[in-house]
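Please read the structure below before turning to the comments.
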Amino acid sequence: MFLTMALLRKGISGKQWIGKYRRPRAITWQMKRNMLVHLECEAENEYWISRPYMTTEQERGHAAERRAQNWIKIKETKFQKFPEHKYVADHLSHLNTTNTWSS
């Protein structure tokens, strides 16, 4: 289809590098080299990802103590920010009267 349009219309209509019927880019040796470099890097990453550092037995619960300590720290900081309790007796202390009534 691309060849037919190029032959019949004497060129590519509109911009030749964008659009549905654009001119395909020529693949250079640099493009091939860069693709090989990227593929080799990806293969190395897959190699290292496929071999875990710890076994499943080692991995189970290895960070439980650290996480518990972090949780305790978080709770302590929340309690430090929390205001002191206000009691009704303290709040209404200005209303206290003595038992001596003037008669």
Side-chain angles (χ1 to χ4, degrees):
M1 184 170 199
F2 179 78
L3 179 63
T4 306
M5 288 185 64
L7 291 175
L8 291 179
R9 293 190 179 183
K10 304 288 189 242
I12 299 163
S13 62
K15 301 259 184 180
Q16 64 176 339
W17 298 111
I18 61 172
K20 187 174 180 181
Y21 301 108
R22 64 179 170 256
R23 181 174 154 197
R25 265 176 62 189
I27 297 174
T28 63
W29 63 271
Q30 291 97 343
M31 291 175 165
K32 291 179 185 177
R33 182 198 59 206
N34 290 339
M35 180 58 71
L36 285 176
V37 168
H38 287 294
L39 288 175
E40 288 170 358
C41 182
E42 188 175 343
E44 185 179 356
N45 288 341
E46 287 180 7
Y47 171 81
W48 288 113
I49 288 173
S50 67
R51 285 153 179 78
Y53 180 72
M54 292 190 285
T55 63
T56 53
E57 293 82 22
Q58 291 172 332
E59 191 173 349
R60 184 172 291 119
H62 78 281
E65 184 178 343
R66 178 182 52 84
R67 291 180 73 230
Q69 290 174 354
N70 287 345
W71 176 244
I72 290 170
K73 286 180 188 175
I74 290 170
K75 280 188 3 184
E76 288 174 355
T77 56
K78 284 187 179 181
F79 279 128
Q80 288 173 355
K81 292 179 185 176
F82 196 78
E84 292 185 20
H85 293 297
K86 296 181 181 178
Y87 297 101
V88 174
D90 295 337
H91 189 65
L92 301 176
S93 62
H94 66 285
L95 297 175
N96 284 345
T97 58
T98 59
N99 288 337
T100 58
W101 297 92
S102 60
S103 26

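As a basis for the values below, the full set of heavy atoms in this structure was taken, side chains included, without hydrogen atoms, waters or symmetry mates. Everything numeric in this text was worked out from a predicted model, so none of it was measured.
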Worksheet item: To the nearest 0.5 Å, how far apart are NE2 in His62 and OG1 in Thr55?
Response: 11.0 Å
Worksheet item: Roughly how far apart are Ile49 CD1 and Glu44 CD, rounded to 0.5 Å?
Response: 11.0 Å
Discussion item. Any heavy-atom pair between the side chains of Thr28 and Met31 that's under 4.5 Å?
Written reply: yes
Practice prompt. Over all heavy atoms of both residues, which pair between Arg22 and Trp17 is shortest? Give the atoms and the distance, please.
Written response: CD-O, 3.4 Å
Discussion item. With a sphere of 6.0 Å drawn around CG of Leu92, does it hold more than 12 non-hydrogen atoms of other residues, nucleotides or ligands?
Written reply: yes
Worksheet item: How long is the span from the OG1 atom in Thr77 to the CD1 atom in Ile72, to the nearest 0.5 Å?
Response: 12.0 Å
Discussion item. Given 3.5 Å as the limit, does a donor-acceptor pair link the side chain of His38 with the main chain of Met35, or not?
Written reply: no
Worksheet, complete the sentence: dist Asn45:CG -> Ser50:OG (nearest 0.5 Å) comes out at 10.5 Å
Worksheet item: Does Arg25 CZ have over 12 foreign heavy atoms under 6.0 Å away?
Response: no
Discussion item. Quick check on Gln58: does its CD atom have over 12 non-hydrogen neighbours (other residues, nucleotides or ligands) under 6.0 Å away?
Written reply: yes
